[in-house]
Protein chains: 2
Amino acid sequence: MGDLRTVSHRRAVTRQRLVDAALGVFAEQGFGRTTVEQVCDRAGFTRGAFYSNFSSLDELFLAMWEQRSADMVSGLHTAFEERMPDQVGSVREAVEFALAVIPVDEDWYRVSAEFTAHALRTPGMRWVMAERERGIQRALLPVIERLLAMNGQEVVNRDALGQALVAVHDGTLVQCLVEPDDEVVHARRVDLFVLVVEAHTKESR
Amino acid sequence: MGDLRTVSHRRAVTRQRLVDAALGVFAEQGFGRTTVEQVCDRAGFTRGAFYSNFSSLDELFLAMWEQRSADMVSGLHTAFEERMPDQVGSVREAVEFALAVIPVDEDWYRVSAEFTAHALRTPGMRWVMAERERGIQRALLPVIERLLAMNGQEVVNRDALGQALVAVHDGTLVQCLVEPDDEVVHARRVDLFVLVVEAHTKESR
DNA sequence: CCCGTACGATACACGGGCGTATCGGATGCG
DNA sequence: CGCATCCGATACGCCCGTGTATCGTACGGG
């Protein structure tokens, strides 16, 4: 029987190297301008390797996005748990902690934005995105809830809070990326988060 | 001296037809996968016309985006003024009116998203985007302020409200586009707007 | 120890998009 | 009425990326 350490493992490794390379090229060139050769070059392969692992760039793009976004969510989950403070003195403090944990990754934003556009253009891909959004909320809402509980806050409407947080996160992220040196923009970002959180929580008795 | 009706007018017309065609192709194919020929075909020209008016697709993309976003802002401005109600009974009503005026244009969202990604990738283009954002707020905040005044609301912090509205608009728009049939998402969108507006206004004595 | 299998490299033919150079013809002016 | 100009069409050569078909080889099984 095939030894997993070698037989299929090597294949998985090259596949992974292709996926990793893809993120970089997509971020640099944009999805539509990325070529198979660029990805293979960066991964240290030739196109032979690519076509033996994927059938099209679209497929690679999807695989890369699904994997990275899943990794991001789980990474965020553990980061929250590991760095979770013993106590927080206010909602603002909780928000600031959370924003310190959530990376501001411009490359990833670019790729995400293009993926969203691509998904909206491709029937059936909306589901993938919607599912991912649900996954984000499912994974992160509990830890956020625990974080807020430290401040004696009880979440009132879980789903509404989740949707609002994602919307505010994404909406303000662009603004921060467009004007990276504007402190005011960042400060208002925090304010907006605080507002949203306070509107969706109450003091627990 | 050159008659503006003919001399440069014809040139401007073909240029405009190219710009208009570009929007459609960009929306359908994505920026990176759009070819000069596709744009020319849709506009009813050959590449000769293109290269006599633009030097690259990037240039056309930029021209198209600047024009369309400017048009959108001014169109919004007049739409607000023309359809401005005589009175509004609540902040929620004001928000609902505003959202009814602001078009949800998926094609335009796709193009915008890709343009943002493109701009973040192209040094110096951030400025263009930042300037556009300021333009949006400059043009729309006054009418929003008048709208809210009908309900006896006075805007407390103009700039913060502007930034928050744009962020919430963009952030929730994606959610609505990804799940177009989910009424709850739309309802929460309105809720979030109401929350933001109320947080940035006060009853004027 | 040898053979089969499959992974990834190499080779090849093809298509298509690009940019330029040249052309035709309409328009405006003297 | 004829000339100059300029816009958009046509024609050309070029490069690059694609996808497939073939090959070599290293690993795994018997």
Side-chain angles (χ1 to χ4, degrees), chain A residues 1-64 67 111 114 118 121-122, chain B residues 1-64 67 111 114 118 121-122:
Chain A
M1 192 174 295
D3 178 10
L4 291 175
R5 277 285 160 73
T6 52
V7 114
S8 205
H9 190 247
R10 289 181 55 83
R11 183 173 180 78
V13 167
T14 64
R15 201 188 141 92
Q16 188 57 41
R17 275 170 62 192
L18 285 169
V19 168
D20 290 341
L23 176 66
V25 183
F26 286 146
E28 281 174 15
Q29 310 282 325
F31 170 54
R33 293 192 167 174
T34 296
T35 69
V36 174
E37 279 181 340
Q38 287 172 329
V39 175
C40 294
D41 282 356
R42 180 175 288 227
F45 292 109
T46 63
R47 278 178 306 145
F50 175 85
Y51 285 106
S52 115
N53 280 282
F54 301 93
S55 61
S56 70
L57 260 187
D58 278 52
E59 193 182 315
L60 174 59
F61 192 28
L62 175 60
M64 182 275 284
Q67 183 183 315
V111 171
E114 289 201 325
H118 181 63
R121 195 180 295 122
T122 310
Chain B
M1 194 174 295
D3 179 11
L4 291 175
R5 278 287 159 74
T6 53
V7 121
S8 206
H9 190 245
R10 288 181 56 83
R11 184 172 182 77
V13 166
T14 65
R15 202 187 140 91
Q16 188 57 40
R17 275 170 60 192
L18 286 169
V19 169
D20 291 341
L23 176 65
V25 184
F26 286 147
E28 281 175 14
Q29 310 282 327
F31 171 54
R33 293 194 165 173
T34 295
T35 70
V36 175
E37 279 181 340
Q38 287 171 330
V39 175
C40 294
D41 282 356
R42 180 176 289 226
F45 292 109
T46 63
R47 287 195 330 249
F50 175 86
Y51 285 105
S52 116
N53 280 282
F54 300 94
S55 62
S56 70
L57 261 186
D58 279 52
E59 194 183 315
L60 174 60
F61 193 27
L62 176 60
M64 182 274 285
Q67 184 185 312
V111 171
E114 288 201 325
H118 181 63
R121 196 181 294 124
T122 311

Rounding to a whole Å, what distance do you find between [X]:[atom1] and [N]:[atom2]?
{"X": "A:Tyr51", "N": "C:dC7", "atom1": "OH", "atom2": "P", "result": "17 Å"}
{"X": "A:Phe50", "N": "C:dA6", "atom1": "CZ", "atom2": "P", "result": "21 Å"}
{"X": "A:Asp41", "N": "C:dA9", "atom1": "CG", "atom2": "P", "result": "11 Å"}

Counting side-chain heavy atoms from C-beta on, which of [options] comes nearest to [X]?
{"X": "A:Ser52", "options": "C:dG17, D:dG19, C:dG8", "answer": "C:dG8"}
{"X": "A:Phe45", "options": "C:dG8, C:dT20, D:dG8", "answer": "C:dG8"}
{"X": "B:Thr46", "options": "D:dT10, D:dG17, D:dC7", "answer": "D:dT10"}

Check your understanding: With a non-hydrogen cut-off below 4.0 angstrom, is B:Glu37 in contact with a base, only sugar-phosphate, or nothing?
Key -> sugar-phosphate
Check your understanding: What nucleic acid atoms does B:Thr35 come within less than 4.0 Å of, heavy atoms only: base, sugar-phosphate, or nothing?
Key -> sugar-phosphate
Review point. In terms of the nearest nucleotide of DNA chain D, which residue is placed more toward the 5' end: A:Ser55 or B:Ala49?
Key: B:Ala49
**Study point:** Sub-4.5 Å side-chain heavy-atom contact between B:Glu114 and B:Phe26
**Key:** no
Review point. Can you find a heavy atom in the side chain of B:Phe50 that is under 4.5 Å from one in the side chain of B:Glu37?
Key: no
**Study point:** Distance-minimising heavy-atom pair for A:Arg15 and A:Asn53
**Key:** NH1-O, 3.3 Å
Practice item. Search all heavy atoms of B:Leu60 against all heavy atoms of B:Ala22 and return the closest pair with its distance. Key: CD2-CB, 3.7 Å
Check your understanding: Reckon A:Asn53 has a side-chain N or O less than 4.0 Å from the OP1 or OP2 of C:dC7?
Key -> no
Check your understanding: Does a distance-only test, which skips hydrogens and angles, find a donor-acceptor pair under 3.5 Å between the side chain of A:Arg47 and the base of D:dG17?
Key -> no
Practice item. Between B:Leu57 and B:Gly48, just flag the one whose closest nucleotide in DNA chain C comes earlier from the 5' side. Key: B:Leu57
